[in-house]
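These notes concern the structure reproduced below.
Below, all heavy atoms of this structure are taken into account, side chains as well, without hydrogens, waters or symmetry copies.
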Amino acid sequence: INPQIDISYNLFSLYDTILQNHWNYFQKNLSNTRNSQEDLMKIFTTYGQYLCNGSPIDPQIGRVIMASLEVLNEKWHLYDKTFFKNSLLKSFMTTLLRLIISSDGILFYDQIITILFNMSEKNKPALHECLAAVFSDKTKIVQLCEVTDLPTFANIMEILIQDSNVVHQ
């Protein structure tokens, strides 16, 4: 057992617990003080950096981060929050798109698809921009941006991913 992974897992689990159970601390203070907003941004930046730079990604930590994002969205409407839409949405979409086409992507495929779909519902132009930075099939990108249901979104994403894997081989 790698002690660094244990520490990282505990850290990300702690972040998740803080965000889920003490979200009001960040909400109440977002307009009053810069420190709580900076703390919140640091946590989400740490999530994103791990997903970008954690290759190979420890499956437990990856699942904690992605589950945290989804639970926070379900519970607190994270993807609707102005700070998230303005500062984090596009970078998370890009990170998740790059992750899903990486060798680690298969470990989190369903979670990534669900998160991307839910994020895309908040900003279709951002989705289009992020997809265009990763994939070359303009027709499929436009189709994906017009989709309103998860199964169709997942099917088109699968085609894009398969096509990109063929191109990168």
Pairwise side-chain contact, [X] with [Y], heavy-atom cut-off 4.5 Å (strictly under):
X	Y	answer
K85	K81	no
I100	I113	yes
L97	F135	yes

Do any N or O atoms from the side chain of [X] and from the backbone of [Y] form a donor-acceptor pair under 3.5 angstrom?
X	Y	value
N21	T17	yes
D104	P56	no
S91	L88	yes
S13	N10	no
S164	I161	yes

According to a 4.5 Å side-chain heavy-atom criterion applied to Ile, Leu, Val, Met, Phe, Trp and Tyr, with indirect links allowed, do [X] and [Y] form part of one hydrophobic cluster?
X	Y	answer
F108	L150	yes
V71	W76	no
F12	L14	yes
I156	V142	no
L72	L11	yes

What I want to check is whether the side chains of D149 and T152 have a donor and an acceptor closer together than 3.5 Å.
yes
Please check if any side-chain donor atom of S68 sits under 3.5 Å from a side-chain acceptor atom of Y15, or the reverse.
no
Test of understanding: with salt bridge (charged side-chain N to carboxylate O under 4.0 Å, His left out), list the residues that count as partners of E129, not counting sequence neighbours.
K90
Straight-line distance of [X] [atom1] to [Y] [atom2], nearest 0.5 Å:
X	Y	atom1	atom2	result
L40	L19	CG	CG	6.5 Å
T95	I112	OG1	CD1	10.5 Å
D6	Q60	CG	CD	8.0 Å
I61	Y50	CD1	OH	3.5 Å
T94	L51	OG1	CG	12.5 Å
L160	Q162	CG	CD	10.0 Å

What are the two closest heavy atoms between [X] and [Y], and how far apart are they?
X	Y	answer
L144	L127	O-CD2, 4.3 Å
S87	M41	CB-CE, 3.4 Å
L78	F84	O-CB, 3.4 Å
Y79	M119	CE2-CE, 3.7 Å
M66	L99	CE-CD2, 3.8 Å
Q20	D16	NE2-OD1, 2.7 Å

By side-chain hydrogen bond (donor to acceptor under 3.5 Å, both in side chains), K75 pairs with (sequence neighbours left out) none
K140: side-chain hydrogen bond (donor to acceptor under 3.5 Å, both in side chains) partners, not counting sequence neighbours:
Q143
For residues 18-27, pull every pair meeting salt bridge (Lys or Arg N to Asp or Glu O under 4.0 Å), keeping only residues two or more places apart or in separate chains.
none
Any pair with a residue in residues 108-125 that passes side chain to side chain donor-acceptor pair (under 3.5 Å), sequence neighbours left out, goes on the list, sorted by first then second residue, please.
E70-N118, D80-K122, E121-K124
I would like to know whether Y47 and F92 meet ring-ring contact (aromatic ring centres under 6.0 Å, His included); could you show each step before the answer?
CA-CA 9 Å; Y47 276 14; F92 266 103; 7.3 Å; no
Taking ring-ring contact (aromatic ring centres under 6.0 Å, His included) as the definition, give me every residue that meets it alongside F153, ordered by chain and number, with sequence neighbours left out.
F117
